[in-house]
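Before any comments, here is the structure.
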Amino acid sequence: MTDFFDPRFPDSASLRAQAQKSMPKFAFEYLEGGCIDEIGLHRNTNELQQVRLRSELLSPSVDVDTSVDLFGHRYAAPFGIAPVGLQGLMWPNAPEILAKAAAKMNIPYVLSTVSSSSLERIAEVSEGQAWYQLYNPTDANTREDLLDRLKASGYQNIMVTVDVPTFGYRVNDIKNGLSMPPKMSLTNIIQMLTKPSWLLATALAGKPEMETLKPYMPPNMPADQLASFMNNTVMGPVDFDALKVLRDKWDGNFIIKGIVNPSDVQKAVDMGADGVVLSNHGARQLDCGESSIAGLQALNNQYKDQIKLLFDSGVRSGTDVAAAMASGADFTFLGRTFVYAAAALGKNGGTHAINMLLRQYIQVMSQLKCAHSSQLPQFLVK
Ligand SMILES: Cc1cc2nc3c(=O)[nH]c(=O)nc-3n(C[C@H](O)[C@H](O)[C@H](O)COP(=O)(O)O)c2cc1C
């Protein structure tokens with residue numbers, strides 16, 4: 001069913017409120033967290049909400065076409081589902097729920113390297129439509145093997161994340177025992193017991209583990225070795241030279257995720273990347289960083305025809321999607337909102353969130369009298 005829409009949850013805020021009721025506190029706080037004082041979190045949403053669009057009400061009415069061409073595919077909407085690690089901890093089977101909904105409704109779902117579903121499983125449920133988010137593996141054998149697995153499973157698009165040179169300092173995760181290495185405390189167990197629907201769904205789905213990475217982990221690896229495993233195997237250097245090696249090994253579309261600086265966009269162009277994601281990881285890494293909309297605006301349309309400019313961090317609504325597209329983005333992604341939706345509505349969450357965002361986006365476009373996303377920059381108030 002692709003038209004599922006639950007009127008109890010017409011916006012991201014109501015999905016968030018329901019998600020908070022459904023998820024154990026430590027899992028909800030892991031999803032919500034920014035970095036240190038969480039100032040960047042508010043900067044992302046506030047500055048995106050400063051974007052103004054001006055309608056042209058006396059021009060003829062339009063039929064809004066929400067489709068967008070990107071990397072040789074025509075998507076049904078100008079937004080997709082950003083990679084979120086450990087989605088299965090926040091809501092059991094969330095990667096499968098969201099990947100299936102995205103494939104059915106023809107928008108991209110990006111699978112995180114540290115996901116609780118394997119890349120093979122997500123390729124299968126998304127019928128080859130999913131994208132993959134990669135941390136540049138430190139270990140050359142792991143890198144070769146992962147790239148081989150991605151090719152064998154039919155992935156066309158990889159997003160290499162470059163904004164995690166260190167683990168984010170997240171205050172609630174530290175209090176909750178979810179920093180590196182993670183520790184399951186009695187308090188966390190009590191929090192799980194007070195969320196019966198989460199507990200039951202988790203019991204049915206099984207304990208969430210990093211399924212894609214399992215083959216590279218020592219058997220029964222203790223939790224206190226997780227940080228060194230991540231550093232020594234999974235999250236290697238992402239400077240220009242390291243990324244160029246990866247670029248040259250990957251035949252499909254190569255997208256660099258997590259930059260807000262025009263000079264980094266130039267480097268991405270120079271190495272032959274097909275796209276960049278203007279993103280600050282949902283403000284989870286650098287609390288005093290620029291908002292990602294400021295990063296996009298700073299480009300001033302300079303790279304428009306050289307590389308695809310994708311955008312995330314702070315997008316919560318169809319209005320935000322339109323604001324980013326008007327500011328020069330070719331496509332947008334949302335992270336937290338889709339996890340709220342899976343936690344609020346289980347297997348229908350992905351479809352609901354896509355329909356919600358589509359309805360909001362079409363309303364904004366119709367109100368502006370803008371027929372297609374590519375025309376949105378004309379409506380931007382400068
Ligand atoms: C809980 C959580 C986990 C995330 N995990 C990853 C990840 O594994 N890889 C990655 O590239 N980005 C990750 N991100 C960042 C998202 O891909 C995306 O950039 C961000 O969520 C966008 O901001 P938004 O949540 O305001 O929409 C994560 C974000 C959140 C909230």
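Keep in mind that this is a model prediction, so the values were computed, not measured. Remember, it's 1-based here, ligands and their atoms both numbered in the order they're listed.
- The shortest contact between atom 11 (O) of ligand 1 and any protein heavy atom is with Thr161 OG1, 2.7 Å.
- When hydrogens are left out, the protein atom nearest atom 31 (C) of ligand 1 is Leu31 O, 3.4 Å; that is the closest non-hydrogen contact.
- Heavy-atom proximity to atom 10 (C) of ligand 1, evaluated over Arg316, Arg336, Lys257, is greatest for Lys257.
- Only the side chain of Val114 comes within 4.0 Å of ligand 1, counting heavy atoms alone; its backbone N, CA, C and O stay farther away.
- Residue contacts with ligand 1 for His281 involve both N, CA, C or O and side-chain atoms from C-beta outward (heavy atoms, distance under 4.0 Å).
- With respect to Glu29 and Lys175, no salt bridge is recorded, no charged nitrogen being found less than 4.0 Å from a carboxylate O.
- Using a 4.0 Å cut-off between heavy atoms, Ser112 contacts ligand 1 through its side chain alone, with no backbone atom that close.
- Taking a 4.0 Å cut-off on heavy atoms, Gln87 fails to register as neighbouring ligand 1.
- Remark: minimum distance from atom 7 (C) of ligand 1 to any protein heavy atom is reached at Tyr135 OH, 3.4 Å.
- For ligand 1, one of its N or O atoms has an N or O atom of Gly314 under 3.5 Å away.
- Nearest protein heavy-atom contact of atom 27 (O) of ligand 1 is Gly335 N, 2.9 Å.
- With a 4.0 Å cut-off on non-hydrogen atoms, Arg284 touches ligand 1 through its side chain and not its backbone.
- Counting only N and O atoms by type, the side chains of Ser12 and Thr337 include a donor and acceptor under 3.5 Å apart.
- A salt bridge links Lys244 with Asp248: the distance from a Lys NZ or Arg NE/NH1/NH2 to an Asp or Glu carboxylate oxygen falls below 4.0 Å.
- Remark: minimum distance from atom 6 (C) of ligand 1 to any protein heavy atom is reached at Pro83 O, 3.3 Å.
- The one candidate from Arg74, His73, Gln129 that meets the side-chain hydrogen bond (donor to acceptor under 3.5 Å, both in side chains) condition with Asn106 is His73.
- Closest approach of Asp163 to Asn280, counting heavy atoms only: OD2-C, 3.8 Å.
- Atom 18 (C) of ligand 1 has as its closest protein heavy atom Asp312 OD2, 3.3 Å.
- In this structure, Lys304 pairs ionically with Asp330, as a charged nitrogen and a carboxylate oxygen lie closer than 4.0 Å.
- A salt bridge links Lys249 to Glu144: one of the charged nitrogens lies within less than 4.0 Å of a carboxylate oxygen.
- Contact check on Arg121 versus Glu96 returns a salt bridge, with a Lys/Arg side-chain nitrogen under 4.0 Å from an Asp/Glu carboxylate oxygen.
- Val68 and Leu357 fall into different hydrophobic clusters, where Ile, Leu, Val, Met, Phe, Trp and Tyr are joined by side-chain heavy atoms under 4.5 Å apart, directly or via other members.
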